[in-house]
Amino acid sequence: MFDYRAPADLLQGRVILVTGAGDGIGRACALSCAAHGATVVLLGRTLSKLEAVYDEIEAAGHPQPAICPLNLETAVEKDYNDLADQLFDTFGKLDGLVHNAAQLGPRTLIESVKHEAWLELMQVNVNAPFFLSKAMFPLLRAAPDASVVFLSSTVGRKARAYWGPYAVTKFAVEGLMQVMADEQDGTSEIRVNSVNPGATRTAMRKAAYPAEEPEKNPEPADIMPVFLYLLGPDSKGVNGQALDARG
Ligand code: NAP
């Protein structure tokens with residue numbers, strides 16, 4: 001695993017938005033950030049899942065989170081701007097933005113991918129992180145050293161047959177990360193990096209590898225050190241890096 005031991009109060013006073021916070025890696029990230037003192041904004045499309053994470057954070061006595069139900073497939077510019085306005089009124093800044101939500105889509109020959117499926121994957125996996133980043137920039141600038149983290153994939157760094165639009169969207173995410181990181185380099189305190197979680201025991205992994213024994217892969221909670229490192233002050237100055245949760 002990525003070698004980092006986070007102090008208990010690492011994220012005290014920080015406001016961190018996690019997309020896809022209701023399940024899988026996003027849920028673990030939200031819980032871990034809250035456990036390290038952050039106020040977490042839980043964004044996702046299934047309200048009941050977000051509420052369950054909210055309750056878990058509250059029951060543990062961590063800072064009270066906020067819930068933001070949003071379907072990234074159908075969200076439009078006004079939704080993102082309204083969210084930015086709400087966060088500005090409530091918190092006045094955003095210290096961390098984790099672009100975690102993604103869909104797997106069809107894993108098949110490129111020539112067999114339906115146009116609608118291609119567009120849906122681009123919308124959720126690429127367009128949404130762009131729209132959300134764009135709307136959040138004023139809030140990120142209002143934080144002393146904001147950190148943006150994109151979730152990538154092994155097939156977003158070296159593509160493989162049959163990974164279809166998913167692999168292409170993860171290459172796009174790496175590209176968006178690099179452009180944003182280079183633009184912020186030397187012009188702001190905002191850092192922008194990507195993380196490849198590697199095989200992790202979630203619903204997406206199960207859908208991609210139905211015959212695999214889930215116990216073979218780490219739990220989402222096991223891969224949190226790299227996220228804590230990137231979201232906390234110890235990674236100040238780390239910018240434009242493509243990191244691996246497994247170290
Ligand atoms: P997951 O278990 O499928 O969880 C994905 C999360 O994203 C869920 O909370 C889901 O909400 C949310 N989401 C999906 N579509 C959405 C939409 N249209 N609007 C809003 N939220 C949406 O996936 P995961 O395995 O945790 O993956 C998290 C990230 O890691 C993804 O970017 C994935 O590509 C990446 N990754 C995962 C692995 C792995 O082995 N697990 C490996 C490499 C990369 P619902 O629960 O409501 O559906």
Side-chain angles (χ1 to χ4, degrees), residues 1-2 17-32 40-54 56 67-76 79-80 83 97-107 116-117 119-132 148-160 163-174 176-177 193-210 212-224 226-227 230 242-246:
M1 281 305 149
F2 187 87
L17 189 159
V18 181
T19 71
D23 211 340
I25 294 167
R27 173 180 172 276
C29 187
L31 293 172
S32 188
V40 185
V41 181
L42 308 165
L43 187 151
R45 66 179 165 181
T46 308
L47 183 58
S48 57
K49 290 187 180 183
L50 300 177
E51 286 173 342
V53 177
Y54 181 103
E56 209 172 322
I67 287 186
C68 172
L70 195 68
N71 185 340
L72 299 174
E73 190 191 338
T74 51
V76 294
D79 298 318
Y80 293 103
L83 173 61
L97 174 55
V98 183
H99 292 295
N100 163 80
Q103 294 176 194
L104 183 62
R107 291 180 58 239
E116 300 75 31
L119 292 173
E120 183 179 328
L121 262 269
M122 289 295 157
Q123 186 69 7
V124 175
N125 295 7
V126 183
N127 296 343
F130 159 68
F131 295 143
L132 185 60
V148 181
V149 180
F150 286 94
L151 270 282
S152 184
S153 168
T154 305
V155 293
R157 294 176 181 171
K158 174 83 178 77
R160 290 204 301 270
W163 276 85
Y166 178 81
V168 178
T169 62
K170 292 300 182 181
F171 268 83
V173 157
E174 294 280 3
L176 179 57
M177 179 278 283
N193 298 283
S194 71
V195 170
N196 171 18
T200 311
R201 208 182 309 170
T202 68
M204 183 184 285
R205 179 72 191 183
K206 182 92 187 144
Y209 293 91
E212 184 181 71
E213 285 178 27
E215 295 72 29
K216 168 175 174 289
N217 297 316
E219 298 265 21
D222 299 332
I223 63 163
M224 288 302 119
V226 70
F227 294 95
L230 285 175
L243 301 178
D244 288 300
R246 304 283 187 92

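Ligands are counted one by one from 1 in listed order, and the atoms in each one are counted from 1 as well.
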- Query: Of the listed options (G198, A245, A208), which comes nearest to atom 38 (C) of ligand 1 when hydrogens are ignored and any heavy atom counts?
  - Reply: G198

- Message: Which label fits Y209 and W163: parallel for a plane angle under 30°, tilted from 30 to 60°, or perpendicular past 60°?
- Response: tilted

- Sorted by chain and number, sequence neighbours left out, side-chain hydrogen bond (donor to acceptor under 3.5 Å, both in side chains) with Y166 holds for none

- Query: Of the backbone atoms (N, CA, C, O) and the side-chain heavy atoms from C-beta on, which set of K49 has a member under 4.0 Å from an atom of ligand 1: side chain, backbone, both, or neither?
  - Reply: side chain

- Message: N217: which residues meet the side-chain hydrogen bond (donor to acceptor under 3.5 Å, both in side chains) condition with it, sequence neighbours left out?
- Response: E212

- Query: Any idea which part of L70 is under 4.0 Å from ligand 1, heavy-atom wise: side chain, backbone, both or neither?
  - Reply: backbone

- Check ligand 1 against G20 and write out every atom of the ligand that is under 4.0 Å from a heavy-atom position of the residue. 6 (C), 7 (O), 9 (O), 12 (C)

- Message: So if I count the atoms of ligand 1 from 1 in the order they appear, which ones are less than 4.0 Å from some heavy atom of A102?
- Response: 7 (O), 14 (C), 31 (C), 32 (O), 34 (O)

- Any heavy atom of V124 under 4.0 Å from ligand 1? The part involved is side chain

- Any idea which part of R45 is under 4.0 Å from ligand 1, heavy-atom wise: side chain, backbone, both or neither? both

- Which residue and heavy atom of the protein sit nearest atom 36 (N) of ligand 1, plus the separation: P197 CG, 3.5 Å

- Query: Below 4.0 Å from any atom of ligand 1, is there a heavy atom belonging to A128?
  - Reply: no

- Query: Is it true that R27 and E56 have a side-chain N and a carboxylate O under 4.0 angstrom from each other?
  - Reply: yes

- Query: Where the side chain of K170 meets the backbone of L151, is there a donor-acceptor pair that is under 3.5 Å apart?
  - Reply: yes

- Task: Using modelled atom types only, decide if a donor and an acceptor are shared between the side chain of R205 and the backbone of T200 within a distance under 3.5 Å.
- Result: no

- Say whether K170 and ligand 1 are in contact under the criterion: heavy-atom distance to a ligand atom below 4.0 Å. yes

